[in-house]
There are 2 protein chains.
Amino acid sequence: MDAQRVAAGQACSVARTVALLSDPWMVLVVRDVGRGIHRFDDLARSLGVARTVLSRRLSTLVGSGILERSDYREPGSRTRPEYHLTRRGRDLGVVLAAMMDFGDRHLAGPEGPPVVRTHAGCGAAVRLVGVCADGHRLGADDRVLLEPGPGATPGSPAPDPEEP
Amino acid sequence: MDAQRVAAGQACSVARTVALLSDPWMVLVVRDVGRGIHRFDDLARSLGVARTVLSRRLSTLVGSGILERSDYREPGSRTRPEYHLTRRGRDLGVVLAAMMDFGDRHLAGPEGPPVVRTHAGCGAAVRLVGVCADGHRLGADDRVLLEPGPGATPGSPAPDPEEP
DNA sequence: CGGTATCCTGAAAGATACTG
DNA sequence: CAGTATCTTTCAGGATACCG
């Protein structure tokens, strides 16, 4: 029972997502592609990862629809493969953003966060908050309930609070 | 150069957080403890993980300040160890919530999400959105800029958009 | 430049057995 | 019930070498 397979099979969106991102490199590759690093060698250098490993990760990410590989031809050069985020890959941004928020709060040195996210246009810092469909912005003291949804199976649900 | 060590050493909150959550079991343990499963055997059963592995993961999570181990005495029984989320562990909730949002959107079957999060009190569904310090709620078309923060080092920053 | 093929090695998963 | 000790075996990381 390896963790991968266990997680992928559960009726739980956290488990399913974690099965996709199981490996640290997965997240870091998504981060760097999202940052504008699109070529194999650049990724290998930027990440400091073995090329064989990078190759495997890229294949997996393409296979799971997070990245797409396309050939771009810059004027006057030969065609080169590039990796870009798909829609699905871009939607992973919220997970990376959550990791940033957490890391900024708990894992940054006294100097503060290494990177800040700002709202283009207004320039103010951005962070994630929970909002409910009625428009309330949730604070630290608001309780969030977890309840079985339409896709629930006899397995997984959970009657306990959480804090967004 | 294993991913763990590379990630932990980077001036990047995403990398630091991912170094903490590297393994799928880590996330699933945090999920289950947050769901109200606090005892060793219950966790082992709920997760379907080998007890040796669970033991190692719990030690790591306690060591990194995400869980704390305490002994509870129920009236009339002997004392039992229990694991609870620390403040830091509760703050990981935003990462799990982000994973839920992503999994609900991209990895759920046609029936819909297996679990829904609702705002206690109003009962409406909850999701994560980016908000900026000026109070604007960010939509899909708002651009977020990544810029070097106070904790930046000559290494890591990144001038490219992202989508929260 | 952008990979794949191979091989070697170390780490770690998990089965089993034991302790308080 | 809540672990730890030990052992075996698998498996993935990375170095090297090679191809289009």
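A note on names: the letters A, B, ... follow the listed sequences, proteins ahead of strands, and every chain is numbered from 1. Computed from a predicted model, the values in this text were never measured in an experiment. These numbers come from the heavy atoms of this one structure, side chains and all, not from hydrogens, waters or symmetry mates.
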Round to a whole Å and report the spacing from CG of A/Asp2 to C1' of D/dT9.
15 Å
To the nearest 10°, give me the bend of the helix from C/dC1-D/dG20 to C/dG20-D/dC1, comparing the axes of its five terminal pairs at either end.
40°
Residues passing the side chain to side chain contact (heavy atoms under 4.5 Å, CB included) test with A/Ala125, sequence neighbours excluded, are none
Do the side chains of A/Arg5 and A/Asp2 get close enough for a salt bridge, i.e. N-O under 4.0 angstrom?
yes
Nearest whole angstrom, please: distance from the P of C/dT19 to the CZ of B/Phe40.
18 Å
For B/Trp25 and C/dA12, give me the distance from atom CH2 to atom C1', rounded to whole Å.
14 Å
Please state how far atom CZ in B/Arg80 lies from atom C1' in C/dG20, giving the value in whole angstrom units.
14 Å
Would you please name every residue forming a side chain to side chain contact (heavy atoms under 4.5 Å, CB included) with B/Ala50, sequence neighbours left out?
B/Thr52, B/Val53
A/His38 NE2 to C/dG2 C1', in whole Å, measures 17 Å
How close or far is atom P of D/dG3 from atom CG of B/Asp42, stated in whole angstroms?
12 Å
N/O donor to acceptor pairs below 3.5 angstrom from side-chain atoms of residues 93-102 of chain A, sequence neighbours left out:
unit_1	atom_1	unit_2	atom_2	d
A/Asp101	OD1	A/Arg117	NH1	3.0
A/Asp101	OD2	A/Leu128	N	3.0

Any residue meeting side-chain hydrogen bond (donor to acceptor under 3.5 Å, both in side chains) with A/Arg45, in chain and number order, not counting sequence neighbours
A/Asp42
Side chain of B/Tyr83 only, heavy atoms from C-beta on: which candidate in D/dG3, C/dG14, D/dC1 is closest?
D/dG3
OP1, OP2 of C/dG2 versus side-chain N and O of A/Arg39: anything below 4.0 Å?
yes
Quick one: ring-ring contact (aromatic ring centres under 6.0 Å, His included) partners of B/His84, sequence neighbours excluded?
B/His38, B/Tyr72
Grab the CD-C1' distance between A/Gln4 and D/dA12 for me, whole Å please.
12 Å
Under 4.0 Å, counting only non-hydrogen atoms across every strand here, what does A/Asp23 touch: a base, just sugar-phosphate, or nothing?
sugar-phosphate
Protein-nucleotide distance (A/Asp41, atom CG; D/dG20, atom C1'), rounded to Å:
15 Å
Please identify each residue that fulfils side chain to side chain contact (heavy atoms under 4.5 Å, CB included) with B/His119, with sequence neighbours left out.
A/Cys132, A/His136, A/Leu138, A/Asp142, B/Cys122, B/Val126
Going by the rule side chain to side chain contact (heavy atoms under 4.5 Å, CB included), which residues pair with A/Asp23 if we only count those two or more places apart in sequence or in a different chain?
A/Trp25, A/Met26, A/Arg57
Could you check whether B/Arg90 pairs with B/Glu68 (Lys NZ or Arg NE/NH1/NH2 to Asp/Glu carboxylate O, under 4.0 Å)?
no
In residues 50-72 of chain A, what residues come within less than 4.0 Å of DNA chain C, judged by heavy atoms?
A/Arg51, A/Thr52, A/Ser55, A/Arg69
